[in-house]
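Reading through the structure tokens given below for one structure.
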Amino acid sequence: MRTPIPASVSSRRRFLAQLSAAGALTLAPRALFGADQPARPLGVALVGLGSYSTGQLGPALKLTKLCRLAGVVTGSPEKGKRWAKEYGFPETSIYSYDTMARMADNPDIDIVYVVTPNSLHARDTIAAAKAGKHVICEKPMAVSVAECDAMIAACREAKVQLSIGYRLHYDPFHEELRRLQRTQEFGPFMKMDGGFAFTMGSKVWRAERKWAGGGPLMDLGVYVIQEACMATGATPMAITAKERPKQRPDFFVDVEESLDWTMEFANGATAVCYTSYNDNRNDFRAEAKGGWYEVGPAYSYNGLRAATSRGPVDVAPLKSQQALQMDGFARAILDRKPSIIPGEMGRRDMTVVEAIYASAAAGGKRVEVKA
Ligand code: NAD
């Protein structure tokens with residue numbers, strides 16, 4: 001049974017309806033019970049119950065304060081039933097990829113979290129927006145800038161918020177990098193270097209262009225792009241990129257295996273970057289006239305370490321980047337503020353990715369990033 005709505009809430013709903021009519025950011029009004037805290041946590045539905053949902057997002061939703069798992073979208077009804085039992089949501093909140101439109105009638109679901117292979121992000125994000133739900137979409141946002149545009153337009157039209165699963169925005173080691181950028185305590189970071197690589201053991205969709213949109217650049221390289229943008233507070237303006245010769249060409253048939261690229265920023269700063277599915281790297285360093293910042297492991301879920309020219313970055317251990325990230329999005333929805341990781345940021349990174357691939361395809365020619 002639904003809880004009766006107090007007068008203060010119904011007047012808030014009227015206010016929200018006015019906001020909506022004015023074309024401003026709309027919210028899931030039913031989620032907005034109480035002044036600061038929702039009477040119930042916002043309901044999240046995970047789309048795709050693969051390794052990231054199972055290993056990270058599901059467990060993180062047991063730690064969140066402002067949201068809880070309220071449904072799933074899966075190709076396997078049996079798996080859905082197991083999740084419903086474990087997380088305590090009704091089996092009526094199990095959907096397939098073809099029945100997502102029916103979520104529109106489910107008041108328990110406020111946020112849809114898209115965790116499918118990259119080339120399905122646009123399809124699933126647009127379906128969620130059409131069902132009137134706020135969306136978190138995993139990285140990379142999509143496989144092209146054109147898809148990002150369609151996703152942003154769908155969310156704008158549905159007046160729902162769109163955020164990207166860049167969990168490091170909620171990690172305290174990375175917050176220190178952003179703080180140094182904001183305060184300019186060391187001056188601008190002018191020389192950066194970073195890499196993210198692992199050795200792929202068995203061939204999965206991540207090594208197929210059809211599903212991944214590319215190779216390690218799509219999966220791992222986006223973290224290095226993000227990091228350099230955090231360090232500079234800017235978007236690179238030009239790229240030079242080169243693919244390394246493949247060691248396992250049978251494995252990486254239509255995607256790159258390893259890629260080097262350099263990003264140039266308008267103020268003359270440069271970032272020398274690397275990604276690979278046949279190597280090991282997990283680091284980032286930024287140098288300014290007045291000091292430096294270094295993090296490594298840089299992009300993992302935990303066990304990160306960072307230092308600056310002043311000494312180790314000393315922060316309290318974090319239970320879950322993902323729990324903070326999802327609560328951060330819920331907070332933005334409740335406060336009617338834009339997400340700190342909006343769809344536009346995912347789109348920006350895709351403009352850089354497209355420039356990197358264009359430069360690599362042209363044998364390392366300098367390519368400008370198209371805004
Ligand atoms: P995965 O292969 O383990 O899971 C993918 C899920 O999508 C599976 O449940 C699969 O059944 C489902 N799916 C639906 N249609 C599919 C199709 N046509 N082909 C293949 N699978 C299909 O992958 P994952 O590691 O969970 O990654 C999912 C997404 O999450 C990717 O976009 C990835 O980049 C992102 N991810 C982000 C992080 C992070 O730290 N932010 C970490 C891991 C993965």
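Numbering of ligands and ligand atoms starts at 1, following listing order. Each residue takes its place number in the sequence, starting with 1.
For atom 34 (O) of ligand 1, the nearest non-hydrogen atom of the protein is Lys139 O, 2.8 Å. Nearest non-hydrogen protein atom to atom 3 (O) of ligand 1 is Ser51 N, 2.7 Å. For atom 15 (N) of ligand 1, the closest heavy atom belonging to the protein is Leu120 CD1, 3.4 Å. Among protein heavy atoms, the minimum distance from atom 28 (C) of ligand 1 is reached at Val115 O, 3.2 Å. In terms of protein heavy-atom proximity, atom 27 (O) of ligand 1 is closest to Arg206 NH2, 3.5 Å. For atom 26 (O) of ligand 1, the closest heavy atom belonging to the protein is Tyr52 N, 3.0 Å. With respect to atom 41 (N) of ligand 1, the closest heavy atom belonging to the protein is Glu138 OE1, 2.9 Å.
Between the side chains of Ser93 and Asp108, no donor N or O sits under 3.5 Å from an acceptor N or O. Defined by atom type and a distance below 3.5 Å, a donor-acceptor pair is present between the side-chain atoms of Tyr52 and Gln322. With hydrogens and angles left out, the side-chain atoms of Ser258 and Asp279 include no donor and acceptor closer than 3.5 Å. Neither side chain, Gln247 nor Asn278, offers a donor N or O lying under 3.5 Å from an acceptor on the other. Thr64 and Asp327 share no donor-acceptor pair across their side chains, judged by distance under 3.5 Å alone.
In this structure, atom 11 (O) of ligand 1 is not in close contact with the protein, since no protein heavy atom lies within 4.0 Å of it. At a distance under 4.0 Å, a protein heavy atom can be found next to atom 39 (C) of ligand 1.
Listed by atom number, the atoms of ligand 1 under 4.0 Å from Tyr97 heavy atoms are 12 (C), 13 (N), 14 (C). Within the listing of ligand 1, atoms 41 (N) sit less than 4.0 angstrom from a heavy atom of Gly165. Counting the atoms of ligand 1 from 1 in the order shown, those under 4.0 Å from a heavy atom of Arg167 are 39 (C), 40 (O), 41 (N). Counting the atoms of ligand 1 from 1 in the order shown, those under 4.0 Å from a heavy atom of Leu49 are 9 (O). Close contacts between ligand 1 and His121 involve ligand atoms 32 (O) [criterion: under 4.0 Å to a heavy atom].
The pair Arg285-Glu287 counts as a salt bridge, with a side-chain nitrogen and a carboxylate oxygen less than 4.0 angstrom apart. We find that Asp110 and Lys133 are not joined by a salt bridge, their nearest charged nitrogen and carboxylate oxygen being 4.0 Å or further apart. A salt bridge between Glu264 and Arg366 is present, with a side-chain N of the basic residue lying under 4.0 Å from a carboxylate O of the acidic one. Between Arg281 and Asp193 there is a salt bridge, since at least one side-chain N of the basic residue sits less than 4.0 Å from a carboxylate O of the acidic one.
In this structure, Gln56 falls outside the shell of residues with a heavy atom less than 4.0 angstrom from ligand 1.
The shortest N/O to N/O separation between Arg123 and ligand 1 does not fall below 3.5 Å. Residue-to-ligand polar distances place Thr116 within reach of ligand 1: an N/O pair is separated by less than 3.5 Å.
For atom 2 (O) of ligand 1, the choice among Tyr301, Trp205, Trp211 with the nearest heavy atom turns out to be Trp205. For the residues Gly50, Ser119, Pro117, the heavy atom positioned nearest atom 4 (O) of ligand 1 is part of Gly50.
Of the heavy atoms in Tyr223, only side-chain atoms (C-beta onward) come closer than 4.0 Å to ligand 1.
Pairs of residues two or more places apart, or lying in two chains, that qualify as side chain to side chain donor-acceptor pair (under 3.5 Å) and include a residue from residues 213-241 are Lys139-Asp219, Arg167-Tyr223, His169-Gln226, His174-Glu227, Arg206-Asp219, Asp219-Tyr277, Gln226-Asp349. For residues 77-113, the set of pairs meeting the ring pair (Phe, Tyr, Trp, His ring centres under 6.0 Å) definition, not counting sequence neighbours, comprises Trp83-Tyr87.
Contact of the Phe189 side chain with the Leu177 side chain is registered, since non-hydrogen atoms from C-beta on lie closer than 4.5 Å.
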